[in-house]
Each structure stands twice: as structure tokens, then as C-alpha cells.
Q: 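Below you'll find the structure I mean.
Every heavy atom of this structure was used, including side-chain atoms; hydrogens, water molecules and symmetry mates were not. Residue numbers run from 1 in the order of the sequence given. The structure displayed is predicted, hence computed values, not measured ones.
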Amino acid sequence: MSAVMPWEHSGSKISARHRERLAVVYVRQSTRQQVIGHQESTRLQYALVDRAVGLGWEAGRVLLIDDDLGKSASSAVDRSGFQRLVTEISLGHVGLVLGTEMSRLARSGKDWRTPTVCTTPRSTTTGYCWG
């Protein structure tokens with residue numbers, strides 16, 4: 001008998017169509033001081049790569065974007081990582097975005113479009129699915 005993988009549980013909003021695209025892990029903290037003083041948060045955000053693999057993505061299909069560490073979300077203009085994330089989503093390349101404090105991804109609605117929230121049963125990580 002084969003084991004049931006986490007993404008195979010009934011009720012999961014993650015489908016094969018999502019896994020055909022990239023999973024993106026977006027790592028960000030607002031200030032340089034937070035990066036220095038909250039290293040556990042940084043470590044947990046990087047560990048989301050393993051979470052994406054656990055949800056069924058091949059490691060080579062998980063894109064890590066950490067260009068915005070230490071940058072405020074008050075504007076998307078100076079955040080190259082956020083701009084790359086939006087570009088990849090707009091091009092239809094992304095099936096899942098994982099991150100912490102996703103509600104703070106962008107403070108301005110014009111910087112973001114609303115995705116579907118995709119979480120697995122008993123998950124404490126929020127992911128967003130497109131497509």
C-alpha cells in the first residue's frame with residue numbers, strides 16, 4: 001500500500017495544474033535591523049522551499065526570491081524581488097507562492113492582484129495559487 005502524499009488529501013486546493021508551474025518562495029523582512037535581529041524568521045522563511053517540495057513540487061521547480069530582504073513594502077518600486085514575483089505570476093509561470101506574513105506582501109492594492117488561498121489540511125503556512 002502506498003503512502004498518501006500531503007497534496008493528495010481530499011479537500012486540497014492544490015492540483016496538478018498548479019504543480020505544472022513554478023512554486024515561488026518569497027522571503028522578505030522590512031528592515032535590515034529585522035534581518036539581523038530576527039534570524040529565526042529568516043531561517044523559517046527559507047525552510048518554505050522544503051514545504052513546497054513536501055507539497056509536491058520538484059526541488060528544481062521551486063524558485064526562491066530573497067532580493068527584498070531588509071526592504072519596506074511601502075512601495076513596489078524599489079523591490080526587484082517583488083517585481084520579479086509579479087512578472088512571473090503575470091506570465092502564467094507560477095502555480096504557488098509561499099511566504100510568511102503574506103498580508104504584508106504589498107501595502108498597496110495596485111501592486112497586487114488577489115489570488116486563491118491554497119492551504120493544506122492542518123497547515124500553518126499560507127500559500128497562494130494562481131491558475
Q: Nearest 0.5 Å, what's the CD-CZ distance between E20 and R61?
A: 9.0 Å
Q: Any donor and acceptor pair, going by atom type alone, linking the side chain of D66 with main-chain N or O of V27 inside 3.5 Å?
A: no
Q: State, to 0.1 Å, how close K13 and H18 come at their nearest heavy-atom pair, and which atoms those are.
A: O-CE1, 3.2 Å
Q: Can you tell me how far the CG atom of L44 sits from the CD atom of Q39, to the nearest 0.5 Å?
A: 12.0 Å
Q: Quick one: OH on Y26 to CD on E88, what's the gap to the nearest 0.5 Å?
A: 13.5 Å
Q: Is there side-chain contact between T100 and Q45, with at least one heavy-atom pair below 4.5 Å?
A: yes
Q: Would you say L63 and H93 make side-chain contact, with heavy atoms under 4.5 Å?
A: no
Q: Treating R19 as the side-chain partner and E58 as the backbone partner, does any N or O pair qualify as donor plus acceptor under 3.5 Å?
A: no
Q: Please round to the nearest 0.5 Å and tell me the distance separating atom CZ of R21 and atom CD1 of I89.
A: 11.0 Å
Q: Specify the closest pair of heavy atoms between L96 and V94, including all atoms of both residues, with the distance to one decimal.
A: O-CG1, 3.5 Å
Q: Quick check: does any side chain N or O of W57 sit under 3.5 Å from a backbone N or O of R51, one acting as donor and the other as acceptor?
A: no
Q: Check for a donor-acceptor pair, side chain of R17 on one end and backbone N or O of G95 on the other, with a separation under 3.5 Å.
A: no
Q: Can you get from L98 to Y46 by hopping between Ile, Leu, Val, Met, Phe, Trp and Tyr side chains that sit under 4.5 Å apart?
A: yes
Q: Show the nearest heavy-atom pair for residues V62 and V53, with the distance to one decimal.
A: CG2-CG2, 4.3 Å
